[in-house]
Every structure is written in structure tokens, then in C-alpha cells.
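For this chain, numbers begin at 1 and follow the sequence in order.
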Amino acid sequence: MKTFIITLVLIIQYTFGFCQKEKKKMPPAKNVQIEVIYLDKSVSDSLFLSYKDHYWANSVGIPLQWAKSNGKVNSFNLEIHRDDRAAYLSIGKWHVSGAGITLFDIYLATPGDDIKIYVTKDSLAFKGNKLRFAGKGAAKYQCQYEMDQLTYKKEYRSKSFNYTIKDGNIVKDSLFYSILPDQLEDNISINHKLAKSRLEILERYRNKLTPFIYNLLKADVLSWEELANYNRFSFKMSYLSDCYSPSIKLNIAHKLKETFAKRAIPNLKNIPLQYRLFSYKYLAVMVSKTADTILTKESKYTWLKANFNGVLRERILTAYFLRYYTKNKGLHNEVADALTYVKTNYYKKIIESFATLIPGTPAFNFILPDTTNKIIKLADLRGKVIILDFWFKGCFGCAKLKEKMEPIAAYFKNNEKVVFVTVNMDPKKTMWIDGLRSGLYTHTGSIDLFANGDSFSSPITKHYNIVAAPSLILINPNGKIITGSPPKPPRNDEFIKLVELHIAK
């Protein structure tokens, strides 16, 4: 019988002083034990366990923590370093492509859990398996699993709509666009039905769950419905960017907005603050899918700042910057503003990391090897405008950016006051060299540096809070930040003018 033992250490303590009076009575730290048992003895998978610190779940920009082997095959030990009462965990295996496939994704675990997970079926993508949970704390896992399984039932599937098909592809004609509002209405109906059924399952397990877990799961379910509705709405609105007819585009956009406005909106404020604070789905709704503001031109930052207070506001604003800072131009003003009133040290430190890209801030004094193992420092490039590009092999976006930046590279090719510097974040030097040889990611004449295999954990990427590639940073001749969000192709003229402005200074 194949078994997998995964152990975590969770420190039992309320966060942010919600239970300050009980601190002295807190019991010692307890372990969470999870044993995965395949009833099919022929299965020989190696599993991984991952989580993100401090209830972040899958929030962008927060490092993913992995279970580390203790020397025994498929036996892991993990210590959660913050004083959390629970953790969102994922358990899965690696696909041959190198991607992770989850056995279960983002489930709540709590101190004292001693769980056995029985897998009665398996497949390459973990589809079709059946899980059964037993042991201390198993009720919350079984509850989450049953809520997940609803999505595979026929009654929660969307209707089929007829399109014009040509050569196996959907043609974006008038029929395609006219169907969008009906699709959205069906999507919203299914989402509401699914959320309602999940809440019914949650109620059945209520007496087996602690109030904290029950309310946290409830916040996740209700927030999921609003998040799913927004995603469906925004995806359909995005289709209109390719619409060939202005009149059709205007008409369909109006119908989509009307349909979306009629949705059932869960009253999330009915869920007490201490549960909304830690719900990762609630966080996602308030940050990136804030349905209350998407139909207006009002700044999300302004809305979030005005509609929340205290620690909840600090947490939501932190998540807001984690998601949007590298995408939106000009957020450095919002970062500076947030630092005037964010008090919690944990959140303040994260927000301060974005302050490193505020224009005029001294750039990070990197010390990295080039392709000849020569050490290159920021100071070596003083007097030049630096176009700093972060990439890794296999990054489709990195290759596309390089392609689109070709006219800019050609324009500054013979300009000694401008230098292209690339920083590679691959875990192995051989991958970096292969990427350079391919010619897909860097320009001829650029200074190509290697982050010593530290990837997104290297000092330079951590300093700039680089969480995705490609990422571009412009540095002026005096070694200070110009911007962390320069104009991107096809806005080449704006990019060139910005560089030339700082050459002349």
C-alpha cells in the first residue's frame, strides 16, 4: 500500500490581536499530519505539498512554500512560520510537462489535524479519482471536497449555444456577439445555483466545524460567486475589443452590463470582519474583481481606501499592490500614500518593497556575472540609461516582448548612452545559456546577466518585488529609478521619448 506522510507545524495563536485576552492560555504548537493512501498498489506517484503564508492562498506576489523532504521518499516536514490559526494547502503531483496537477487545491488545514486521505481511483490529471477523508479534523476536508465535486455534475453545467463554425473554429460574426448576453445570464444562474448548493453542504457540516472554519468557508463560497460572475462578465466584455461593428459593440456591451447588474449580489458584510479578513476569495473580489467599481471609471485604490478601515483595509490594499503594481503606470503615488496610514508592520514591509520603484529612488546595486563570468555592477553603468529586462527560458511573454522591442533596440543600437541589460531568472546556468543561444529573449549587444540560479528569490528580484516575467525597469544615468512600468510596445514612440528625455538630463 502506497502511503505519503506530510507533516506541518502550525502555531495556534490568533492573528492581529483578535484574541489578545487568550494569549496566555494558548496550548503549545501542534502538528498537522496528512497521509495519502492509494488503494491501487500499482500507483507510484511522488506528491508535493504547497501553501502560501498568512492566508494568502494563491495571491500573486507572495512566495509559494513547499514541503521539504526529510530524507525519506515522499515524507515531508513543513513549518508555517507565522502565527496562523489555519492554512490553505494544496497537494498534488508533477506532470511530465513539469506542471503541477493537484489532488486537491487550496483546502483549509488547522492545528491538530491527523488525516488519512484514501484515493480509490487515479488518472494522469487526477480526474475521476475519489477521495475519502478520515481521522481527526477530517470533516472540513470532506466538506470542501464535496463542495468541489459539485462542479462535475450535469445540473451545474452551462447551456450549449450554437455558433458559426468554419474550419473547426468559432467565427466571431454577429451571431457570436448576439449570444454573449444570453451566455452571461446562464453563467450567472449556474453560479448562483452552485453557490447555494455549496452553502447547503456547508450547513450539513456546521456542527462538525469550528466557528472560525465554518465562517471562513462561508466567506469563500459567497465571495466565489461574485468573483465567478465578474470573471464571466469581464471575459465577454473583452471579446468586444475585436468586434468589427461599432453599433453591434455598443449594443452588446449595453446588454452585458444590464445582465450583470441584475445578478444576485451576496451581502458579504454580513460575515464578521475576523472571517472576511482571512478569506482569500473575499480578498480577490475586493482587489481585482471589485464589481462595485468595474462599471465606473473610479479608481479601485480610491474606492478600496474609502470603503475599508483598519487591518482589513491594510490587507486588501497590500493585495491590491501585489496584483497591480507592475501592471499599472503611476501607482507609485498610491504606494507613497498608503505608507502614510498603513500601521501593521507585516503589511507595511510588503508595501515598502514597491517603494523601491518610485521614480527617483536609488536603483538596486546589483552585482551579477555576465556570460564571461565577469562581475557587472550597477556602478559600472553610471552615465547611461539602463533598460533592465527580467526573463527566463520558456517564458512566452518574454519572447514576445523581445520581438516587439526590436524597433527600440535598433533605434538605440549605436547610442553609447543607452544600454540594454537582461537578468535571467532560470534555476540552472545551462538553461540561461540555451535561452541566450536561441536568440528568442535578448537583443544583440545587450549585457546578459545571470541571477545565480536564485530565480525570483534573488536579491535583485526580491528588492524590486519581481513576481512575474517579463518585467522592465528604466534607470537613469545617475543610478536612480525612472519607472518600473515603462510604456510597452506598440507605444514605442513614448518609450523612446522617455529614454531620450533622461539622456538629455
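Between the side chains of Thr110 and Lys140, at least one donor N or O sits under 3.5 Å from an acceptor N or O. Looking only at atom types and distance, the side chain of Tyr55 has no donor-acceptor partner in the side chain of Ser279 under 3.5 Å away.
Annotation: side chain of Lys52 is not in contact with side chain of Tyr280 (no heavy-atom distance under 4.5 Å). Pro459 is listed as a side-chain neighbour of Phe364, based on a closest heavy-atom distance under 4.5 Å. For the pair Ile106 and Leu89, the minimum side-chain heavy-atom distance is 4.5 Å or more. For the pair Thr483/Leu357, no side-chain contact is recorded, criterion being any heavy-atom separation below 4.5 Å from C-beta on. Considering only heavy atoms from C-beta on, Cys243 stays 4.5 Å or farther from Ile252 through its side chain. Contact of the Leu131 side chain with the Tyr145 side chain is registered, since non-hydrogen atoms from C-beta on lie closer than 4.5 Å. Side-chain contact between Leu472 and Leu388 is absent, with no heavy-atom pair separated by less than 4.5 Å. Two residues are said to be in side-chain contact when any heavy atoms from C-beta on lie closer than 4.5 Å; Leu240 and Met237 meet this criterion.
The aromatic ring centroids of Tyr177 and Tyr239 lie 6.0 Å or more from each other.
No donor-acceptor pair closer than 3.5 Å links the side chain of Ser471 to the backbone N or O of Ile466. Judged purely by atom type and a 3.5 angstrom limit, Glu334 has no side-chain atom pairing as donor or acceptor with the backbone of Tyr301. A donor-acceptor pair under 3.5 Å links the side-chain atoms of Asp186 to the main chain of Lys159, judged by distance alone. For Thr102 (side chain) and Ile91 (main-chain N/O), no donor-acceptor pair under 3.5 Å exists by modelled atom type. A donor-acceptor contact shorter than 3.5 Å links the side chain of Asn476 to the backbone of Gly479. A donor-acceptor pair is defined here as one N or O able to donate and one able to accept, closer than 3.5 Å; no such pair exists between the side chain of Ser189 and the backbone of Glu185. Under the 3.5 Å distance criterion, the side-chain polar atoms of Lys480 are left unmatched by any main-chain donor or acceptor of Pro362.
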Give the C-alpha distance, both sets of side-chain angles, the deciding distance and a yes or no for side-chain contact (heavy atoms from CB on, under 4.5 Å) between Ile475 and Val385.
CA-CA 6 Å; Ile475 301 171; Val385 171; over 6 Å; no

Please step through side-chain hydrogen bond (donor to acceptor under 3.5 Å, both in side chains) for the pair Ser458 and Thr461, ending with a clear verdict.
CA-CA 5 Å; Ser458 67; Thr461 53; 2.8 Å; yes

Give the intermediate values and the outcome of side-chain hydrogen bond (donor to acceptor under 3.5 Å, both in side chains) for residues Tyr88 and Asn58.
CA-CA 9 Å; Tyr88 287 104; Asn58 58 352; over 6 Å; no

Asp337/Lys305 under salt bridge (Lys or Arg N to Asp or Glu O under 4.0 Å): CA gap, chis, key distance, verdict:
CA-CA 10 Å; Asp337 180 62; Lys305 178 182 176 182; 2.8 Å; yes

Step-by-step side-chain contact (heavy atoms from CB on, under 4.5 Å) determination, Ile482 to Ile473
CA-CA 8 Å; Ile482 297 174; Ile473 297 174; over 6 Å; no

List the steps and the verdict of side-chain contact (heavy atoms from CB on, under 4.5 Å) for Leu222 and Asn270.
CA-CA 11 Å; Leu222 292 175; Asn270 282 342; over 6 Å; no

Check against side-chain contact (heavy atoms from CB on, under 4.5 Å), Leu322 and Phe354:
CA-CA 9 Å; Leu322 286 167; Phe354 294 104; 3.8 Å; yes

As a quick check of understanding, evaluate side-chain hydrogen bond (donor to acceptor under 3.5 Å, both in side chains) for Ser353 and Tyr464, giving each step before the final call.
CA-CA 7 Å; Ser353 69; Tyr464 290 126; over 6 Å; no

The test is side-chain hydrogen bond (donor to acceptor under 3.5 Å, both in side chains); show your working for Lys236 and Asn187 and say whether it passes.
CA-CA 11 Å; Lys236 287 171 174 53; Asn187 295 151; 3.0 Å; yes

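Residues Ile271 and Asn215 approach most closely at CG2-O, 4.3 Å, considering heavy atoms. Closest heavy-atom contact between Lys255 and Pro181: CB-CG, 3.7 Å. Scanning all heavy atoms of the two residues, the minimum distance from Val287 to Tyr320 falls at CG1-CA, 3.3 Å. Closest heavy-atom contact between Phe260 and Arg263: O-NH1, 2.9 Å. Of all heavy-atom pairs between Phe450 and Asp426, the closest is CE1-O, 3.4 Å. Across Arg157 and Ile190, no two heavy atoms sit closer than the pair O-CD1, 3.7 Å.
Put simply, the residue from Glu352, Glu314, Arg315 that forms a side chain to side chain donor-acceptor pair (under 3.5 Å) with Tyr347 is Arg315. Among the candidates Thr422, Ile460, Val421, the single residue satisfying the side-chain contact (heavy atoms from CB on, under 4.5 Å) test with Phe390 is Ile460.
The salt bridge (charged side-chain N to carboxylate O under 4.0 Å, His left out) analysis of residues 200-215, with sequence neighbours excluded, yields the pairs Glu146-Arg204, Glu203-Arg206.
In this structure, Arg313 forms a cation-pi arrangement with Tyr341, its terminal cationic atom sitting closer than 6.0 Å to the ring centre and no more than 45° off the ring axis. Remark: Lys218 is not positioned above the aromatic ring of Tyr275, lacking an NZ or CZ atom under 6.0 angstrom from the ring centre and at most 45 degrees off the axis. Note that Arg85 lies in the cation-pi zone of Phe212, set by a 6.0 Å cut-off to the ring centre and a 45° limit from the axis.
Going from atom NZ of Lys281 over to atom CD of Glu226 covers 13.0 Å, rounded to the nearest 0.5 Å. Separating the CD atom in Glu225 from the NZ atom in Lys196 is a distance of 11.0 Å, to the nearest 0.5 Å. Rounding to the nearest 0.5 Å places OG1 of Thr259 at 11.5 Å from CD of Gln183. With rounding to the nearest 0.5 angstrom, the CZ atom of Phe104 is 8.0 Å from the CD atom of Gln144. Distance check: Lys153 NZ to Leu194 CG gives 10.5 Å after rounding to the nearest 0.5 Å. Separating the CZ atom in Phe308 from the CG atom in Leu273 is a distance of 10.5 Å, to the nearest 0.5 Å.
Comment: Lys402 does not engage Asp389 in a salt bridge, judged by the lack of any side-chain N to carboxylate O separation of less than 4.0 angstrom. Checked for salt-bridge contact, Asp113 and Lys136 miss the test: no charged N lies under 4.0 Å from a carboxylate O. Between Lys462 and Asp454 there is no salt bridge, since none of the side-chain N atoms of the basic residue sits less than 4.0 Å from a carboxylate O of the acidic one.
Scanning for disulfide bond (SG atoms under 2.5 Å apart) contacts around Cys395 gives Cys398, with sequence neighbours left out.
Between Tyr141 and Tyr107, the ring planes lie tilted relative to each other; the angle falls in the 30° to 60° range.
Heavy-atom contacts from other residues, nucleotides or ligands closer than 6.0 Å to CZ of Arg198 number more than 12.
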